[in-house]
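For ligands, and for the atoms within them, numbers begin at 1 and follow the listed sequence. Quick caveat: nothing in here was measured; it's all calculated off a predicted structure. Just so you know, these numbers use all the heavy atoms, side chains as well, and skip hydrogens, waters and symmetry mates.
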Amino acid sequence: MEEKKTILKLENVYKTYMQGGTKTHALNNIDLDIKSGEIVVILGPSGAGKTTLLNVLSGLDSPTSGRILFDGKDIAKYSQMKLTKFRKENLGFIFQTYNLLEHLNVKENVMVGAKLGKSKDNVDEIIEVVGLSNHKKKYMHELSGGEQQRVSIARALAKKPSIMFADEPTGALDEKTGKIVLRTLIEANEKLGTTMIIVTHNPGIAKIGDRVLHVNSGVIDKEIINETRMAPEEIPWG
Ligand SMILES: Nc1ncnc2c1ncn2[C@@H]1O[C@H](COP(=O)(O)OP(=O)(O)OP(=O)(O)O)[C@@H](O)[C@H]1O
Ligand SMILES: [Mg+2]
């Protein structure tokens, strides 16, 4: 792989909570360098700090101290209003639940995503990438769970985000459907170059990424580089 440029960097990041006079470091001095086009998987036990890490990386939450550099600019210093605008224009989010608009069809849901960003003309192309071209006119109750998750991926992709954040994207899905959703994320990464950061409890999913970060008690205690990405169809489930 050619040398990739850094898109997101954490320097000396702490997230500290005060509880009854004692300090808990949900993030304890994290340094991290995310490269453009990378797929990074974050694994770790419950309470390890995964969601906190994802929220801080994506500007949903601010760190207690440290720097969050996006394209070299420190977003930890941004005001709430500036952060919201930044997220809207640059970042995509998908969650375990899909948060789609029931009264809109597939294409209309994706157009809502496109309106949030700067690009509006690629909706059909995005629907093609997620494999839903034959379902454009369908409403959400006419789709399976996996198809709905692919609509939410399309909606997030439609604004052409530089980075896509996924918190347990297959958490509500069975193995077969979950693997189709992972295939969709891989296609988006390969066709659109979208950087992906995926949080999961499922260690099998680690194999689809370029790099796996094991989070424990607020630190990244192990980092594994995958020489090759395993196809979602080939991974063990759970
Ligand atoms: N608002 C808060 N106030 C106090 N402590 C918090 C708060 N949010 C998180 N924590 C603590 O920070 C630590 C990390 O929480 P986090 O939600 O990041 O874990 P996680 O790895 O995502 O867990 P899970 O796999 O269960 O989702 C936990 O010990 C949690 O109790
Ligand atoms: Mg969590």
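- Remark: ligand 1 and Gly47 share an N or O pair separated by less than 3.5 Å (distance only, no angle test).
- Of the charged side-chain nitrogens involved, none lies within less than 4.0 Å of a carboxylate oxygen, so that Lys9 and Asp31 do not count as a salt-bridged pair.
- Residue contacts with ligand 1: Ala48 is placed with a nitrogen or oxygen under 3.5 Å of a nitrogen or oxygen of the ligand (distance criterion only).
- Atoms of ligand 1 lying under 4.0 Å from any heavy atom of Thr52, numbered from 1 in the order shown and given with element: 14 (C), 15 (O), 16 (P), 18 (O).
- Not a single heavy atom of Gly44 sits under 4.0 Å from any atom of ligand 1.
- Among the candidates Asp210, Ile39, Val212, the single residue satisfying the side chain to side chain contact (heavy atoms under 4.5 Å, CB included) test with Asn226 is Val212.
- In the displayed structure, Lys85 atom NZ is contacted under 6.0 Å by at most 12 heavy atoms of other residues, nucleotides or ligands.
- Salt-bridge check for Glu223 with Arg211: passed, with a basic side-chain N closer than 4.0 Å to an acidic carboxylate O.
- In terms of protein heavy-atom proximity, atom 17 (O) of ligand 1 is nearest to Thr51 CB, 3.9 Å.
- Here the heavy atom of the protein found nearest to atom 26 (O) of ligand 1 is Ser46 OG, 2.6 Å.
- Pro232 and Ile186 make their closest contact through CG-CG1, 3.9 Å (heavy atoms, listed as atom of the first residue, atom of the second, distance).
- Heavy-atom distances between His201 and ligand 1 reach below 4.0 Å in at least one pair.
- Interface atoms of ligand 1 facing Pro45, defined by a heavy-atom separation under 4.0 Å, are 21 (O).
- Within the 4.0 Å heavy-atom shell around ligand 1 one does not find Lys15.
- The Mg ion (ligand 2) has an N, O or S atom of Thr51 under 2.8 Å away, backbone or side chain.
- Shown are Thr6, Ile34, Ile7; of these, the side chain to side chain contact (heavy atoms under 4.5 Å, CB included) with Phe70 is made only by Ile7.
- Leu27 and Val219 sit in two unconnected hydrophobic clusters of ILVMFWY residues. Membership requires side-chain heavy atoms under 4.5 Å apart, directly or through other members.
- Ligand 1 has no N or O atom lying under 3.5 Å from any N or O atom of Thr24, backbone or side chain.
- For atom 30 (C) of ligand 1, no protein heavy-atom neighbour is present inside the 4.0 Å cut-off.
- Not a single heavy atom of Gly218 sits less than 4.0 Å from an atom of ligand 1.
- To the nearest 0.5 angstrom, Asn109 atom CG is 11.0 Å from Leu132 atom CG.
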